[in-house]
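Presented below is the structure to which this report refers.
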Amino acid sequence: MTGMNPWLGRLLLLLALITIDHASLPLAITLVIGAGGAAIAIFLYKGSYLPRFVMDILDRLSNKTSLEEAYEKRSQNLITIDAEDLAERVRAKVIGQDEAIKAIAQQLRRRIAAKRLDKPVAVFCLAGAPGVGKTHFAKILSEELYGARSHLHFFDMSQFGQPHAAASLFGQARGYVGSNSYGALTAALRDVPNAVVLLDEFEKAHPEVHKRFLTAWNDGFITEVSDGARVSTNEAIFVLTTNAASRRIAEIAEQTNESAEEIGRLAKAALADAQFAPEVLSRIDDVFAFRPLKGLDIARVVALEIEGIAQQFNLKIAGGGIDPQILMQAIDALSGRMQGGVRDMTRAIERQITDGLIEARGAGAAEIRLIQDGDKVSVESVRGSREQPVLNVQRAMARQ
Ligand SMILES: Nc1ncnc2c1ncn2[C@@H]1O[C@H](COP(=O)(O)OP(=O)(O)O)[C@@H](O)[C@H]1O
Ligand SMILES: [Mg+2]
């Protein structure tokens, strides 16, 4: 209806003018009715209420609105971003890393605004202990920036520990076995150039592989070896993660009185001390320190993980449905630990509840509650779906 409001104003103005001028009343009424009719016609057209002959082909044969949305996202070139809004959206999904998230969002905003044509948008490094949300953050960032998971190119760099491994990323000279296919990185960036390229645990790749990336960042393009095609990297955001120097990084991340710039500088120095390849470090725009998860943040992450596991079985957690004792145990188990962390904890809980979830699902449950039962966790159905009888599934699994 918003389209009508200016028209309404104009009509009243017209009416007032004519009345003031003492012109004929019938003329005034005719004009008003005419203009009103036009306004209604415009409204009906915009709202797609008109018959087919004046409707857009896409409205008639497809869903124009969602096509427009998808098209916009696809051709979306990041021109500016609202750093605060981005940080807020990421913070809702990445727990306990507020300082790093804020610093990354601000830095990203600057990099996007000062777009370098011959370089990637940014080359960031996220440092910190395992299981504190570095990889998770990069995934969420791509979703929040581009609105789709297809804008994330994920590479587990520990798989490229051999010098010849670069071929699977950048392609292989013709004549070799299997050389007719593109490298995974070149293919990904050719298809979706505006993306987050996540190079997970970067330090684990072979120095030969590192070297190829240095060229990619320096030149703003990569060359597909098999056919020599140039693939631009200047719309990509490279995010490296590393567990190197995680103790020192944790200390640095705790220094809340330091500025984000100073923390980044200290983190970079810590990586340098830990023998992180200096030629790589010098090409990285910024290093961000992730802190170890603590206290209730551990509980938040584990609760989110449990919700995720339940969702895989199409089950919802009832409001307040996770027994605080389960989360309390997670806090106790994880506090102060540097290794394994959330991942091990989640796996342990998953093992305990999977059978219970399967049974609850089988019994037609829609919502469940998890209860700590001695040293076991039991799954209880709260509400059934599709009017199936609600069975109380009490499956207690031995705690591993
Ligand atoms: N800060 C966090 N916020 C939300 N989830 C987290 C966080 N840290 C870890 N997780 C969860 O634990 C899992 C492992 O974390 P991950 O991001 O892979 O750790 P890292 O890359 O730092 O080693 C993730 O899949 C995520 O679901
Ligand atoms: Mg990781």
Side-chain angles (χ1 to χ4, degrees), residues 86-105 124-144 149 152-161 196-205 237-254 256 267 270-271 274 276 284 287-312 317 322 326-327 329-331 333-351 353:
L86 176 69
E88 199 169 304
R89 282 182 288 135
V90 172
R91 213 166 25 224
K93 294 174 183 162
V94 181
I95 311 295
Q97 304 294 357
D98 295 7
E99 289 86 1
I101 293 170
K102 189 168 160 223
I104 296 169
F124 287 159
C125 178
L126 316 181
V132 297
K134 303 182 297 294
T135 307
H136 181 61
F137 167 86
K139 293 178 180 169
I140 299 294
L141 178 69
S142 71
E143 274 176 27
E144 294 298 337
R149 279 247 160 144
L152 175 76
H153 305 318
F154 174 92
F155 298 98
D156 174 1
M157 298 308 281
S158 64
Q159 291 184 348
F160 305 105
V196 171
V197 181
L198 171 53
L199 307 176
D200 215 22
E201 314 204 0
F202 191 74
E203 78 280 9
K204 296 196 175 139
I237 299 167
F238 286 85
V239 177
L240 288 58
T241 75
T242 177
N243 300 330
S246 51
R247 260 171 217 286
R248 178 79 189 108
I249 296 283
E251 288 167 16
I252 293 167
E254 304 285 358
T256 41
L271 290 183
F276 197 93
I284 289 172
V287 178
F288 301 96
F290 275 50
R291 53 168 63 206
L293 294 171
K294 277 202 228 135
L296 292 185
D297 281 341
I298 296 178
R300 290 188 179 99
V301 171
V302 172
L304 274 179
E305 293 284 291
I306 292 176
E307 186 181 38
I309 298 169
Q311 271 165 3
Q312 288 170 9
I317 305 278
I322 301 176
I326 299 175
L327 301 178
Q329 289 203 358
I331 295 175
L334 290 181
S335 292
R337 262 177 68 176
M338 293 296 263
Q339 295 298 321
V342 175
R343 235 178 310 243
D344 286 354
M345 191 73 219
T346 311
R347 250 179 244 135
I349 293 179
E350 191 168 9
R351 274 198 298 271
I353 61 176

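We count ligands from 1, going down the list as the structure has it; atoms in each ligand are counted the same way. Quick note: numbers below take in every heavy atom, side chains included, and nothing from hydrogens, waters or symmetry partners. As the structure is a computational prediction, the values presented were derived from the model and not from experiment.
Nearest heavy atoms, Ile317 versus Ala310: CD1-CB, 3.9 Å. For Val302 against Ala330, the heavy-atom pair with the smallest separation is CG2-CB, 3.9 Å. Of all heavy-atom pairs between Phe290 and Val132, the closest is CB-CG2, 3.8 Å.
Once rounded to the nearest 0.5 Å, the distance linking CG of Leu240 with SG of Cys125 reads 5.5 Å. For the atom pair CG of Leu198 and CZ of Phe137, the computed distance is 10.5 Å after rounding to the nearest 0.5 Å. Taken from NZ in Lys134 to OG1 in Thr242, the straight-line distance is 7.5 Å, to the nearest 0.5 Å.
Geometric assessment of Lys204 against the ring of Phe160 yields a negative cation-pi assignment under the 6.0 Å and 45° thresholds.
Inspection of the environment of the Mg ion (ligand 2) yields the following protein N, O or S atoms under 2.8 Å: Thr135 OG1.
Residues of the protein with a heavy atom under 4.0 Å from ligand 1 are Lys93, Val94, Ile95, Ala129, Pro130, Gly131, Val132, Gly133, Lys134, Thr135, His136, Leu293, Val301, Glu305, Val342, Arg343, listed by chain and number.
Using a cut-off of 4.0 Å between Lys/Arg side-chain N and Asp/Glu carboxylate O, Glu350 and Arg347 are scored as not salt-bridged.
Aromatic rings from Phe288 and Phe124 are positioned such that their centres are separated by under 6.0 Å.
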